[in-house]
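Notes follow the structure.
Source: prediction; values computed, not measured. Lettering of chains follows the sequences in order, A, B, ..., and the numbering in each one begins at 1.
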There are 2 protein chains.
Amino acid sequence: MSKATIYNVALKAGVSLATVSRTLNNPEKVKKETRDRVMNVIEELGYKPNAFAKGLASRRSTSVAVVVPDMSRSSIAEMVNGVAVEAKKYQYSLILYVLKDENRGEAEMLKEVVASQADGILYMNDEINEEQYAMLNTIQEDYKVPIVLANTLYPYDNKLVTVCIDYFKAGYEATNRLVQEGRKNIYMLTTARKYMVNDLKEAGYIKAMKEAGLETNIIRTSGDITVNTVHFNELFKDQGKKIDGVIAVRDSIAVSFINTMIEKGKKIPKDISVFGFQNTKYASLSRPKLSCVDIPIIDIGAKAMALLKKEIDGEHIEQKFNVLHHDIIERGTTIK
Amino acid sequence: MSKATIYNVALKAGVSLATVSRTLNNPEKVKKETRDRVMNVIEELGYKPNAFAKGLASRRSTSVAVVVPDMSRSSIAEMVNGVAVEAKKYQYSLILYVLKDENRGEAEMLKEVVASQADGILYMNDEINEEQYAMLNTIQEDYKVPIVLANTLYPYDNKLVTVCIDYFKAGYEATNRLVQEGRKNIYMLTTARKYMVNDLKEAGYIKAMKEAGLETNIIRTSGDITVNTVHFNELFKDQGKKIDGVIAVRDSIAVSFINTMIEKGKKIPKDISVFGFQNTKYASLSRPKLSCVDIPIIDIGAKAMALLKKEIDGEHIEQKFNVLHHDIIERGTTIK
DNA sequence: GTGAATTAAGGTGGTACCGCGGTTAGTTTA
DNA sequence: TAAACTAACCGCGGTACCACCTTAATTCAC
């Protein structure tokens, strides 16, 4: 009973191929009795339409390509979870492309994505630059493949549908909380690599500092925690460096900073207040628990998938740029 | 320049369809000059063979299905990273199936996997039971779809190719370290849900405890850290409960336990030694840094993919059960 | 008011594709 | 004369359009 084809089903149910196809794709166009009979046979034979044949004939794959930079980043993984749940609603399958250690150009990979016949592309690479954005645009236009950016954005243009939060505002708000606590020497810890979203957090931080008449201090460090721990030790070796507040672009960076400082005898939050970004498990597992910007990352994934589905179905999306709501969570690393 | 077909290429290169097909699939059968000419046109038109047509005609998809329980688990995400890197070598694409919140039976999902025409299945669901194992076997046999289990196993049988580490041994070794420290009241913290690999860690723990003539204490808690923190608080409310050592089946559980205890005034590792499992980022971000069993999770993913590829290519795999090496890492939560 | 004719709509079957791989037999090239 | 290539066709398993057949409802002629 390896593989039942539509032909087997038709034969056994005593109907034509067309009718079987219709019972599956346009059930309302088939009389109930016939439909039931066909469905029974389908059940009996364990028939599932061959995805290739279906794709070839219909020119639709009911699958979307999911492009991610690196699965091991907690935010990416959570987002994929959200995408998966939403995709299931539409019976869409996910084709995964992990860019990590990708040495061929991204262009090559995107061509592959197109060749895979995916009905749409969910682009989650936050390390996006002008060139890539242009490429994505070309693909969307030339190949008519809808693209949605999830938790990433290209702020200088908005031809592509985007789901994100207002990272600028979040950075601004988090910084302001520390300013309101009376902190004067507030640092921003960000990644050495240029992620668009981190640039926005940084811009928000700068704005808040400027408004408060404070001096900005931006430290670019590695996303790798073993590396940045060393870095922090180096940086704050001389106790002369005044620091009483920190905004980190990732929870993990915030936590490794906290650990470094506590080992140096600093009190958190008495001496230094710390804010993270994302509200990952790292934040809950930190001691004290990390205050952070809560980002609805699962919702971003789900919303992005939902919008992509709409685009695929040809619906016009009036709102290209979709901003989801974020929260500021105060826990143990800031003073209420 | 939307979609070039093999026909366009043939026309422009002045050859027949057959020759184009050969250049791509059996290049050695085509004279170099012709081949070069065809390749140039392919490049020029940006031609990529239609995956559906190719799959339909060749009955191979050059894609594998990756079945995971939940992307947000750090071990799963890392493993997928490993799979992705290896898959890229073979130009295989990944179709992702996330079981999380799956309410239809898993049988239904597996049928879908088969219908997707994947050439093979990478099964990473560690919540495997007898029924599922039987189902996987049926699929492998009836549909001739190779299956590899990655970081999960079914210890009562070994028809399916498996890549794992010796969790029994790891549990045994970790427990022994604590015994050698002189710990007497060593608890195992495991998940309430039945994961096969956790059962093995538990069995290893029990063996070591028995050998040392110590009493076993097994606490089943949630994988959700907000829940288990409450649980730990409840359990160890009465200070009468003696406890001086802990083996946790996941790093995250270990860390939340540590946090709970330290808040109660316990010293780690002076009063209680703690061991985790996996060596995730949680372990490095814990304070003190978590001692744990280091599991080569990326390698497991890569190895599983490599074996699957072999199976797909029809090579016989003599070694069905593949055990990768693990390490015991001693850091700050145990006494050297 | 009745039976016949027309129409509409619902249900079903027939079949040309979709783009490629593989085979065969025949043709050209070195 | 072998090697390299062409031409033609089938098959893969579906989809979707179009055409056809029912059946029921409506209109019509008488």
Distance, rounded to the nearest Å, where A/I6 contributes CD1 and D/dA16 contributes P: 11 Å
Nearest-angstrom distance from the residue atom CZ of B/F52 to P of D/dG14: 13 Å
Global bending angle along the helix from C/dG1-D/dC30 to C/dA30-D/dT1, which compares the axes of five pairs at either end, to 10 degrees: 50°
Atom-pair distance (NZ on B/K54; C1' on C/dG22), nearest Å: 14 Å
B/N8 (side chain) donor-acceptor with B/T5 (main chain) under 3.5 angstrom: yes
Under-4.0 Å side-chain N/O to phosphate OP1/OP2 contact, A/N25 with D/dT15: yes
Atom pair distance, as rounded to whole Å: CZ in A/R60 and P in D/dG14: 17 Å
Presence of B/Y7 side-chain N/O under 4.0 Å of C/dG21 phosphate oxygens OP1/OP2: no
Atom-to-atom span, CD1 of B/I42 to C1' of C/dC20 - whole angstrom: 13 Å
Set of side-chain hydrogen bond (donor to acceptor under 3.5 Å, both in side chains) partners for B/E127, sequence neighbours left out: B/R193
Spacing between A/N8 atom CG and D/dG13 atom C1', to the nearest angstrom: 11 Å
Short heteroatom pairs, N/O only, protein and nucleotides 8-17 of chain C, under 3.5 Å:
| from | atom 1 | to | atom 2 | distance (Å) |
| --- | --- | --- | --- | --- |
| C/dT12 | OP1 | A/T34 | OG1 | 2.4 |
| C/dT12 | OP2 | A/K31 | N | 3.1 |
| C/dT12 | OP2 | A/T34 | OG1 | 3.4 |
| C/dT12 | O4 | A/R22 | NH1 | 3.4 |
| C/dG13 | OP2 | A/S16 | N | 2.9 |
| C/dG13 | OP2 | A/S16 | OG | 3.1 |
| C/dG13 | OP2 | A/T19 | OG1 | 2.6 |
| C/dG13 | N7 | A/R22 | NH2 | 3.0 |
| C/dG13 | O6 | A/R22 | NH1 | 3.1 |

Results of salt bridge (Lys or Arg N to Asp or Glu O under 4.0 Å) for B/K111 - residues two or more places apart only: none
Pairwise side-chain hydrogen bond (donor to acceptor under 3.5 Å, both in side chains) hits with a residue in residues 70-86 of chain A, at least two apart: A/D70-A/S72, A/D70-B/N81, A/R73-A/D126, A/N81-B/D70, A/E86-A/K89, A/E86-A/Y90
Side chain of B/L56 - closest among D/dG14, C/dG19, C/dC20: C/dG19
Atom CE of A/M39 with >12 non-hydrogen neighbours under 6.0 angstrom: no
Which residues share a side-chain hydrogen bond (donor to acceptor under 3.5 Å, both in side chains) with B/S16, sequence neighbours left out: B/T19
Flag, side chain of A/R35 to backbone of A/T23, donor-acceptor distance under 3.5 Å: no
Side chain A/N125, main chain A/P69, donor-acceptor under 3.5 Å: no
Contact under 4.0 Å: A/S21 side-chain N or O vs D/dT15 OP1/OP2: yes
Note: A/K48-B/E108 ion pair, threshold 4.0 Å (strictly below): yes
Length of the CG-C1' vector between A/N26 and D/dC17, whole Å: 12 Å
